[in-house]
Amino acid sequence: MPEGHTIHRLARRHNSLLRGEPLRASSPQGRFVAGAALIDGRQLVRAQGYGKHLLYEIEGALTLHVHLGLYGTFNELPQPALPPVGQVRLRWEGSQVCCDLRGPTVCELLERDSVRRLVRRLGPDPLRRGADPERAWAALQSRRVPIAAALLDQTVLAGVGNVYRAELLFLHGIEPTLPARELGRTDFDALWSSAVTLLRAGVRSGRIVTTDPADRERRGSARPDDAHYVYRRTGLPCRRCATPIQRAEMAGRNLYWCPRCQAA
DNA sequence: GGCTTATGCGCAG
DNA sequence: TGCGCCTAAGCCA
């Protein structure tokens with residue numbers, strides 16, 4: 001479930017599991033054999049999340065860059081690990097744990113310059129200390145695309161995905177088709193601040209929950225489908241006004257919104 | 001067990 | 001704009 005919160009959670013996890021000892025690296029699937037050979041036997045200096053990208057600084061100047069895309073996952077196995085089952089792109093092992101990476105969009109080694117270029121291309125990540133919302137604000141000013149499209153653009157804002165975008169727009173009553181450049185400064189500030197809060201909560205819990213705890217309590221349930229206001233709730237009554245939630249495709253992704261709470 | 005769907009994104013055309 | 005990646009969860013039988 002890879003939006004920014006998943007990535008930062010993995011970075012933390014891998015820092016605590018894999019740092020401090022030489023790691024064995026291999027590519028059972030065969031698509032990362034040369035790369036694995038280059039990092040085999042080296043230590044992990046630090047893992048960090050940047051938007052939806054995972055960057056693993058390896059002892060000796062190389063950085064392992066992983067992007068999970070839609071399908072990518074890491075699995076942890078205790079040592080001694082059983083032989084890999086299925087398509088494991090990278091098996092990375094310490095003495096205690098083994099981490100198997102499957103189905104990533106990107107798994108590659110980068111030199112320092114390429115890492116810099118990658119990071120420069122990304123907008124501010126609300127999960128990173130010192131992230132500068134002014135950069136996101138400036139980027140929005142120059143865009144005519146709908147705000148709902150701009151929020152998924154990783155050069156504007158890094159780490160927000162399809163679930164967070166739908167929920168953020170709902171929480172602030174913003175019409176998804178509003179041109180990005182017409183978003184008011186007050187709404188932007190509120191949006192940024194919610195993004196920080198919700199993504200951080202996601203890192204802590206490992207899932208995306210945007211509904212107010214008081215709301216959930218009032219409905220007397222902690223059903224898993226209570227976690228969102230609009231995402232994947234097509235046709236169901238809005239939790240605030242009971243109007244049926246709408247769905248439409250925008251730039252190839254499903255967009256969900258409440259036509260009443262998010263009217264112009 | 002099979003089928004559908006998906007939280008992303010680069011690329012061909 | 002549509003495809004490919006090729007995993008995993010949720011649903012149904």
Side-chain angles (χ1 to χ4, degrees), chain A residues 1-11 13 27-32 35 49-55 65-77 84-92 98-108 110 114 117-123 125-127 145-146 148-171 176 194-195 198-211 223-236 245 247-257:
Chain A
M1 309 161 212
E3 294 197 27
H5 69 298
T6 308
I7 298 319
H8 285 256
R9 192 176 165 87
L10 280 170
R13 181 78 186 151
S27 182
Q29 171 209 44
R31 284 186 57 185
F32 189 56
Y50 213 119
K52 295 170 189 166
H53 300 259
L54 276 162
L55 296 173
H65 171 217
V66 172
H67 193 294
L68 296 178
L70 192 53
Y71 310 126
T73 52
F74 274 102
N75 296 110
E76 286 169 22
L77 293 78
V85 179
Q87 303 282 303
V88 173
R89 184 80 61 90
L90 170 65
R91 171 165 275 204
W92 216 9
C98 167
C99 292
D100 281 353
L101 170 63
R102 295 164 198 274
T105 294
V106 175
C107 175
E108 63 183 0
L110 297 179
S114 309
R117 235 172 296 139
L118 168 71
V119 168
R120 208 180 305 136
R121 176 163 64 80
L122 296 172
D125 175 351
L127 282 174
V145 297
L151 287 183
L152 285 186
D153 182 339
Q154 302 296 300
T155 67
V156 172
L157 199 64
V160 167
N162 204 26
V163 182
Y164 280 117
R165 97 152 150 184
E167 297 296 302
L168 284 167
L169 290 174
F170 173 84
L171 283 166
S194 288
L198 293 177
L199 280 157
R200 277 188 191 157
V203 175
R204 275 194 304 275
S205 70
R207 53 191 295 250
I208 302 177
V209 177
T210 57
T211 44
R223 288 172 316 197
D225 68 344
D226 254 15
H228 312 136
Y229 286 107
V230 292
Y231 179 73
R232 291 254 265 172
R233 298 195 66 243
T234 314
L236 294 171
I245 299 303
R247 177 174 71 103
E249 219 165 78
M250 186 180 281
R253 315 291 304 281
N254 284 321
L255 171 68
Y256 306 85
W257 79 102

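Order of the sequence lines fixes the chain letters, A, B, ..., with proteins taken first and strands second; residue numbering starts at 1 for each chain.
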In whole angstroms, the gap separating C1' of C:dA9 from OH of A:Tyr231 amounts to 12 Å
What's the closest nucleotide to the A:Arg102 side chain, out of B:dT7, C:dC6, C:dT7?
C:dT7
Report the nucleotide, chosen from C:dA8, C:dC5, B:dA6, that has the shortest atom-to-atom distance to any side-chain atom of A:Asn75.
C:dA8
Rounded to the Å, how far apart are A:Leu151 CG and B:dT7 P?
15 Å
So, using salt bridge (Lys or Arg N to Asp or Glu O under 4.0 Å) as the criterion, who are the partners of A:Arg13 when residues are at least two apart?
A:Glu76
Rounded to whole Å, CG of A:Leu101 lies from C1' of C:dA8 at a distance of 14 Å
Spatial distance of atom NE2 (A:His67) from atom CD1 (A:Ile7) [nearest 0.5 Å]:
7.0 Å
Can you name the atoms? Protein N/O to nucleotides 9-12 of chain B N/O, anything below 3.5 Å, with the distance.
| residue | atom | partner | partner atom | Å |
| --- | --- | --- | --- | --- |
| B:dC9 | OP1 | A:His67 | NE2 | 3.0 |
| B:dC9 | OP2 | A:Lys52 | NZ | 3.2 |

Using whole Å, report how far CG of A:Leu70 lies from P of C:dT7.
12 Å
For a ring pair (Phe, Tyr, Trp, His ring centres under 6.0 Å) check, start with the C-alpha distance between A:Tyr164 and A:His5, then their side-chain angles and the critical distance, and finish with the verdict.
CA-CA 10 Å; A:Tyr164 280 117; A:His5 69 298; 5.5 Å; yes
Donor-acceptor pair, distance only, cut-off 3.5 Å: does the side chain of A:Arg233 make one with the backbone of A:Tyr229?
yes
Could you tell me how the ring of A:His65 sits relative to the ring of A:His53: parallel (under 30°), tilted (30 to 60°) or perpendicular (over 60°)?
parallel
Can you check the A:Leu199 CG to B:dT7 P distance for me, whole Å?
16 Å
Check whether any side-chain N or O of A:Tyr71 sits under 4.0 Å from OP1 or OP2 of B:dA6, and answer yes or no.
no
Rounded to the nearest angstrom, tell me the gap between atom CG in A:Leu54 and atom C1' in B:dT7.
15 Å
Write down the distance separating the P atoms in B:dT4 and C:dC3, rounded off to the nearest Å.
16 Å
From the list B:dA6, C:dC6, C:dA8, which nucleotide is the closest neighbour of the side chain of A:Gln29?
C:dC6
Set of residues satisfying side-chain contact (heavy atoms from CB on, under 4.5 Å) with respect to A:Ser194, sequence neighbours excluded
A:Leu168, A:His172
Identify each atom pair where a protein N or O and an N or O of nucleotides 2-5 of chain B are less than 3.5 Å apart, giving names and distance.
none

Span that lies between the C1' atom of B:dG10 and that of C:dA8, in whole angstrom
22 Å
Would you mind telling me which residue lines up with the more 5' stretch of DNA chain C, A:Gly103 or A:Glu249, judged by nearest nucleotide?
A:Glu249
Considering only residues two or more places apart or on different chains, which pairs with a residue in residues 158-168 of chain A satisfy salt bridge (charged side-chain N to carboxylate O under 4.0 Å, His left out)?
none
A:Arg91: salt bridge (Lys or Arg N to Asp or Glu O under 4.0 Å) partners, not counting sequence neighbours
A:Asp100
Among C:dT7, C:dC6, B:dT7, the nucleotide that comes nearest once only the side chain of A:Arg31 is considered
C:dC6
Can a side chain N or O of A:Arg89 be found less than 4.0 Å away from OP1 or OP2 on C:dC6?
yes
What is the distance, rounded to the nearest whole Å, between atom CG of A:Leu168 and atom P of B:dT7?
15 Å
Has the side chain of A:Gln154 got a donor or acceptor atom that lies under 3.5 Å from a matching backbone atom of A:Gly51?
no
Verdict with reasoning, A:Arg102 to A:Gln87, per side chain to side chain donor-acceptor pair (under 3.5 Å)
CA-CA 6 Å; A:Arg102 295 164 198 274; A:Gln87 303 282 303; over 6 Å; no
Can you check the distance between C:dC5 and B:dG13, where both ends of the measurement are the P atom (answer in whole Å)?
15 Å
